Amino acid sequence: DILRLWAASVDYKNDIKIGNNIIGQLSEIFKKTRNTARFLMGNLFDFDPKKDYVEYKDLEIIDKFALSRLAKLIKSVDEAFVGYEFYKYFQYLQNFASCDLSSFYLDIVKDRLYTKGKKSLSRRACQSVMYEILHTLVRILVPVMPHQAEDIWMNMNDNHKDEISALLTSWPEIKPEWENDELDEEFSSLLKTREVVARAIEPL
């Protein structure tokens with residue numbers, strides 16, 4: 001899978017390079033997507049999409065922002081594949097897993113996941129978004145990292161799967177309500193402020 005990721009990550013219009021440092025960086029992306037999927041699955045252990053799924057209109061604003069970023073990921077990867085710019089797939093996946101999820105959304109919603117009532121609307125709303133993220137992530141991994149995608153799929157709850165294998169799943173589709181440019185603009189300024197505050201408090 002890491003060699004396949006390397007093949008997808010290089011810009012074949014220029015000289016192609018490979019070495020221990022490059023493979024090491026790609027291994028980190030492999031671990032990041034794996035650990036992200038593990039975190040998502042770990043927090044979906046009691047989630048039944050047929051009973052617990054929360055509709056978009058009832059989600060909190062940060063949940064809607066996460067789905068907006070997810071829609072951008074799907075759209076960007078679609079365009080990269082159509083244009084045979086596979087190295088962009090690597091970049092989009094890395095940014096989504098590291099910046100949008102680990103450093104932002106998943107970091108913030110831990111409070112809701114761990115302290116809200118098990119069946120509360122707030123927790124179920126967060127789980128609904130994580131369910132969508134997990135299903136999108138595993139499908140986007142299939143073309144380049146099929147072994148990891150299948151490993152994730154085999155460890156998902158049975159009631160979260162609609163096929164016997166990740167390799168038989170359909171490509172993720174964007175739900176129209178997920179796309180929200182106004183929300184993106186609003187959160188962009190918030191994220192910039194968050195970065196400034198984070199840098200200021202770190203030395204303290």
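For clarity, every value in this text was computed on a predicted model and none was experimentally measured. In what follows, every heavy atom counts, from backbone to side chain, and hydrogens, waters and symmetry copies are set aside.
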Atom pair [atom1] ([X]) and [atom2] ([Y]), whose distance is rounded to the nearest 0.5 Å:
{"X": "Thr136", "Y": "Leu141", "atom1": "OG1", "atom2": "CG", "value": "10.5 Å"}
{"X": "Leu73", "Y": "Asp78", "atom1": "CG", "atom2": "CG", "value": "9.5 Å"}
{"X": "Ile74", "Y": "Ile174", "atom1": "CD1", "atom2": "CD1", "value": "5.0 Å"}
{"X": "Glu185", "Y": "Leu190", "atom1": "CD", "atom2": "CG", "value": "12.5 Å"}
{"X": "Lys161", "Y": "Thr169", "atom1": "NZ", "atom2": "OG1", "value": "12.0 Å"}
{"X": "Asp48", "Y": "His160", "atom1": "CG", "atom2": "NE2", "value": "6.5 Å"}

Query raised in the report: Under the side-chain contact (heavy atoms from CB on, under 4.5 Å) criterion, do Asn43 and Val109 qualify, and how do the steps go?
Result: CA-CA 11 Å; Asn43 283 282; Val109 298; over 6 Å; no
Look at atom [atom1] of [X] and say whether more than 12 heavy atoms of other residues, nucleotides or ligands are closer to it than 6.0 Å.
{"X": "Arg112", "atom1": "CZ", "value": "yes"}
{"X": "Ile16", "atom1": "CD1", "value": "yes"}
{"X": "Tyr114", "atom1": "OH", "value": "yes"}
{"X": "Asp107", "atom1": "CG", "value": "yes"}
{"X": "Asn155", "atom1": "CG", "value": "yes"}

**Report entry** Parallel, tilted or perpendicular: ring planes of Phe65 versus Phe187, cut at 30 and 60 degrees
**Finding:** parallel
Requested in this report: Please state whether the rings of Tyr131 and His135 are parallel, tilted or perpendicular, taking 30° and 60° as the class boundaries.
Outcome: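 Rings of Tyr131 and His135: tilted, 30 to 60°.
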Query - Basic-acidic side-chain contact under 4.0 Å: Lys64, Asp184 - result: no
Query raised in the report: Do NZ/NE/NH1/NH2 and the carboxylate oxygens of Glu28 and Lys31 come within less than 4.0 Å?
Result: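 A salt bridge links Glu28 with Lys31.
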Within-4.5 Å side-chain heavy-atom neighbours: [X] and [Y]:
{"X": "Tyr92", "Y": "Lys75", "value": "no"}
{"X": "Phe96", "Y": "Ser76", "value": "no"}
{"X": "Tyr56", "Y": "Trp178", "value": "yes"}
{"X": "Gln127", "Y": "Asp52", "value": "no"}
{"X": "Val10", "Y": "Trp6", "value": "yes"}
{"X": "Leu40", "Y": "Leu106", "value": "yes"}
{"X": "Arg4", "Y": "Pro146", "value": "yes"}
{"X": "Arg124", "Y": "Asp46", "value": "yes"}

**Report entry** Residues Met130, Leu113; criterion side-chain contact (heavy atoms from CB on, under 4.5 Å); working and verdict
**Finding:** CA-CA 11 Å; Met130 293 171 71; Leu113 290 168; 3.8 Å; yes
Grouping I, L, V, M, F, W and Y whenever their side-chain heavy atoms are under 4.5 Å apart, do [X] and [Y] come out in a common cluster?
{"X": "Leu3", "Y": "Met145", "value": "yes"}
{"X": "Phe45", "Y": "Ile133", "value": "no"}
{"X": "Leu137", "Y": "Val142", "value": "no"}
{"X": "Leu121", "Y": "Ile62", "value": "yes"}
{"X": "Tyr84", "Y": "Trp171", "value": "yes"}

Quick one: does any side-chain atom of [X] pair with a main-chain N or O of [Y] as donor and acceptor, under 3.5 Å?
{"X": "Arg139", "Y": "Glu173", "value": "no"}
{"X": "Ser9", "Y": "Phe90", "value": "no"}
{"X": "Asn157", "Y": "Leu44", "value": "yes"}
{"X": "Trp153", "Y": "Glu163", "value": "yes"}
{"X": "Asp1", "Y": "Gln148", "value": "yes"}
{"X": "Arg123", "Y": "Lys118", "value": "yes"}

**Report entry** Test side-chain contact (heavy atoms from CB on, under 4.5 Å) applied to Thr33 and Leu93, step by step
**Finding:** CA-CA 8 Å; Thr33 52; Leu93 188 62; 4.1 Å; yes
Minimum heavy-atom separation for [X] to [Y], with atom names?
{"X": "Ser98", "Y": "Ser103", "answer": "O-OG, 2.8 Å"}
{"X": "Glu150", "Y": "Ala166", "answer": "OE1-N, 3.0 Å"}
{"X": "Ala66", "Y": "Val129", "answer": "CB-CG1, 3.9 Å"}
{"X": "Glu60", "Y": "Ser122", "answer": "OE2-OG, 3.1 Å"}
{"X": "Ile140", "Y": "Tyr89", "answer": "O-OH, 2.9 Å"}
{"X": "Ile152", "Y": "Met41", "answer": "O-SD, 3.7 Å"}

Query raised in the report: Could you go step by step and tell me if Phe30 and Leu26 meet the side-chain contact (heavy atoms from CB on, under 4.5 Å) rule?
Result: CA-CA 6 Å; Phe30 181 89; Leu26 295 169; over 6 Å; no
Query raised in the report: Does a donor on one side chain sit under 3.5 Å from an acceptor on the other, for Asp63 and Tyr105?
Result: yes
